Amino acid sequence: MKRTREMLTIRHETRTDHPAVGELNFVAFGCRMDEANVAIFKRNLPSFDPDLSLVAVHDGRVVGHALFNPQTIRLMDQDVRVTNLAPVAVHPDFQKQGIGRQLIRAGHEIAREKGYLLDMLLGHTTYYPKLGYLVNAFGASSVTVNVGDIPANADADMVIAAPLPTDVPALVALWEHAEARVDFSVRPLDTILEWVSPNPMVSAFVYHREDHVVGYARLKGAWGERPASVICFIAADESAARGMAAHLARVSGLSTLDLPLHPYSSGAAAFGELPVANAWEAAMVIPYTEAGAELIEAYYRAGAIDQRATGRTMWGTAFDV
Ligand SMILES: CC(C)(COP(=O)(O)OP(=O)(O)OC[C@H]1O[C@@H](n2cnc3c(N)ncnc32)[C@H](O)[C@@H]1OP(=O)(O)O)[C@@H](O)C(=O)NCCC(=O)NCCS
C-alpha cells in the first residue's frame, strides 16, 4: 500500500515510544539488537537531547526513528559542536517512501537551530550523499606492531586496573593531551560511562605509572572466527604506549597488534613507523551552517594537499554493544 504524506507525523520521541523504537531498530537492522542497544545506551548519556531523537508515526504506529547525538569533536584544532546520526531506521514495510529522508531533514533543522555546526556519521554511501552528505570525511588510523619487537616487561612499572569513577578527570585530561590534535576525535564526556563498556566481551584498562594515569585501552575479546582487537588506545607518551602494548599482547595472546593510533596522537612514534590514517567513503559529514561548511572545506583542502592527515574517530563505548 502506498501511504500518503498526510498520514505521517514526525515528532520528538517520548518515553512511551521506547519499546516501539527498540522493536523497530531490531527489525529494521535485520533482527539484531546492536543498533537498538546503541539507542538505549545513548539515551543514558548526559549529552542526550530528547529534542534530537525523532520518530515517524503512521496511523499511531512508530515506523521510523532517527537519533542525533550531540558531541564535541576536534576539527582544525578547534572544539566544534556537532551531532552524530546513529541509529536511523525505517520499518521494512515503509522503506523507500521518503520517511528516512523526512526524519533526517527534520533532525537537521532542529540541530541547526540549536547551533550545531555539522552532522557526522558512518553509513550507506548509496543513501546519505543523496541527502547532501560528503564522503571520505574521516576514517581509521592504526599502526601494526609485531609483539616480538616489544620487550615483554615494558609494563613492569605500571599499575593496571579497570576504570573507576575517580579516574574520570585524569582520563579526560589524558585524552586532551594525547588526542586533541586529531581531527574528528570526540571529546569524552565527564562520566564513567564513556570509559567502561556495556559489552562484556570488551575489557577496559587504565594504566598508572607513579600514581599518574598514562594510558587507557579497550580490548575486544576473541569471538567465534574473530580474533581479539584493540578498539581504543590512548597513551600519554611513547614509553606508556610500549608498556600498554606489552600488556595487551599478553592478555590477548595476539602475535601482532593493530593499535588505533593516529599520526597526531602522542605516543604515535613508539613503534618506529608512524600510524597510517585512511579516509573511509562511508565516513560522512554534512554542514548545517555557513561556518560548518567553511570549516569542512578548509579541512578537505588541507587533506588534499597533504597538509593534514585525515581525521579518525575512536567510537565511544555506546558502539561497543
Ligand atoms: C536507510 C533507511 C533509514 C532509509 O530510509 P527510507 O525511508 O527507506 O529512505 P527514503 O525513502 O527516504 O530514501 C531516500 C532515497 O534513498 C533511496 N534509498 C533508500 N534506502 C536505500 C538504501 N538502503 N540504499 C540505497 N538507497 C536507498 C531511496 O530509493 C530514495 O532515493 P530517491 O530519492 O532517488 O528516490 C532505511 O532503508 C532503513 O531503515 N534501512 C535499514 C537500517 C539501516 O540500514 N539504517 C541506516 C544505517 S547507516
Side-chain angles (χ1 to χ4, degrees), residues 1-71 81-116 118-133 189 193 198-199 282 284-286 288-289 315-321:
M1 183 179 80
K2 191 85 189 158
R3 283 100 184 163
T4 62
R5 280 177 181 230
E6 291 71 48
M7 294 163 81
L8 193 84
T9 309
I10 307 272
R11 60 164 173 78
H12 304 310
E13 175 199 55
T14 65
R15 262 182 175 282
T16 52
D17 296 320
H18 292 183
V21 169
E23 276 190 31
L24 165 69
N25 279 319
F26 174 73
V27 174
F29 285 96
C31 293
R32 60 175 199 190
M33 274 305 283
D34 302 34
E35 287 77 9
N37 281 335
V38 169
I40 290 166
F41 189 88
K42 283 184 169 184
R43 287 196 200 104
N44 274 338
L45 292 176
S47 54
F48 176 69
D49 179 351
D51 291 351
L52 286 165
S53 190
L54 303 176
V55 285
V57 181
H58 180 271
D59 211 10
R61 172 178 169 200
V62 173
V63 297
H65 172 241
L67 196 161
F68 292 82
N69 189 51
Q71 54 192 24
R81 287 178 71 222
V82 309
T83 56
N84 165 225
L85 173 57
V88 54
V90 172
H91 191 283
D93 294 348
F94 290 77
Q95 288 175 5
K96 305 214 175 189
Q97 298 176 29
I99 297 176
R101 181 194 303 265
Q102 285 185 71
L103 272 167
I104 294 169
R105 292 250 161 88
H108 287 175
E109 209 47 56
I110 298 167
R112 184 179 298 114
E113 278 166 18
K114 285 179 177 263
Y116 294 98
L118 55 93
D119 184 55
M120 62 187 276
L121 58 73
L122 214 51
H124 305 301
T125 51
T126 45
Y127 181 61
Y128 295 97
K130 286 184 181 179
L131 303 176
Y133 280 83
L189 301 168
L193 298 180
N199 184 342
M284 292 178 250
V285 285
I286 187 168
Y288 288 139
T289 62
W315 295 97
T317 50
F319 292 97
D320 286 357
V321 295

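Given the structure is predicted, the values throughout are model-derived calculations rather than measurements.
Counting heavy atoms from C-beta on, the side chains of F94 and L8 never come closer than 4.5 Å. Contact annotation: the side chain of R43 approaches that of V21 to within less than 4.5 Å [non-hydrogen atoms, C-beta and beyond]. Taking 4.5 Å as the limit, some side-chain heavy atom of K114 sits within range of a side-chain heavy atom of D49. No side-chain heavy atom of Y128 sits less than 4.5 Å from a side-chain heavy atom of I286. Side-chain contact between T125 and M284 is present, with heavy atoms from C-beta onward closer than 4.5 Å.
A pairwise comparison of heavy atoms in L54 and G107 identifies CD1-N, 3.4 Å as the closest pair. Closest approach of A89 and A28 over heavy atoms only: CB-CB, 3.6 Å. Smallest separation of non-hydrogen atoms from R112 and T289: CG-CG2, 4.3 Å. Scanning both residues, H65 and V55, for their nearest heavy atoms gives CD2-CG1, 4.2 Å. Minimum interatomic distance between K130 and R105 (heavy atoms only, all atoms of both residues): O-NH2, 4.4 Å. What you find for S47 and N69 is that their closest heavy atoms are OG-OD1, 3.7 Å.
Residues that satisfy the side-chain contact (heavy atoms from CB on, under 4.5 Å) test with P46, not counting sequence neighbours, are L189, T191. Evaluation of the side-chain contact (heavy atoms from CB on, under 4.5 Å) rule for D320 yields S197, P198, N199, V202, R218, I231, T317 as partners, not counting sequence neighbours.
Interatomic distance, CG of L67 versus CG of L103, reported as 11.0 Å (0.5 Å rounding). Atom CG of N84 and atom CG of L122 lie 9.0 Å apart (nearest 0.5 Å).
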Applying side chain to side chain contact (heavy atoms under 4.5 Å, CB included), run through F29 and D34 and close with a yes or a no. CA-CA 8 Å; F29 285 96; D34 302 34; over 6 Å; no
Could you give me the CA-CA distance, side-chain angles and deciding distance for Y127 and I104, then say whether side chain to side chain contact (heavy atoms under 4.5 Å, CB included) is met? CA-CA 12 Å; Y127 181 61; I104 294 169; 3.8 Å; yes
Assess the residue pair Q71 and V82 against the criterion (side chain to side chain contact (heavy atoms under 4.5 Å, CB included)); give the C-alpha distance rounded to whole Å, side-chain angles, the decisive distance to 0.1 Å, and a yes or no. CA-CA 5 Å; Q71 54 192 24; V82 309; 3.7 Å; yes
Between D17 and R11, does the side chain to side chain contact (heavy atoms under 4.5 Å, CB included) criterion hold? Intermediate values first, please. CA-CA 11 Å; D17 296 320; R11 60 164 173 78; 2.7 Å; yes
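Looking only at distances, no side-chain donor or acceptor of K42 sits under 3.5 Å from a matching main-chain atom of P87. Judged by distance alone, with hydrogens and angles left aside, the side-chain atoms of H91 form a donor-acceptor pair with the main-chain N or O of D93 at under 3.5 Å. Of the possible donor and acceptor atoms, one in the side chain of H12 sits under 3.5 Å from a partner among the backbone N and O of D51.
The number of heavy atoms from other shown groups lying within 6.0 Å of CD (E23) does not exceed 12.
The aromatic rings of F68 and H108 sit perpendicular to each other, their planes meeting at more than 60°, with 30° as the lower class boundary.
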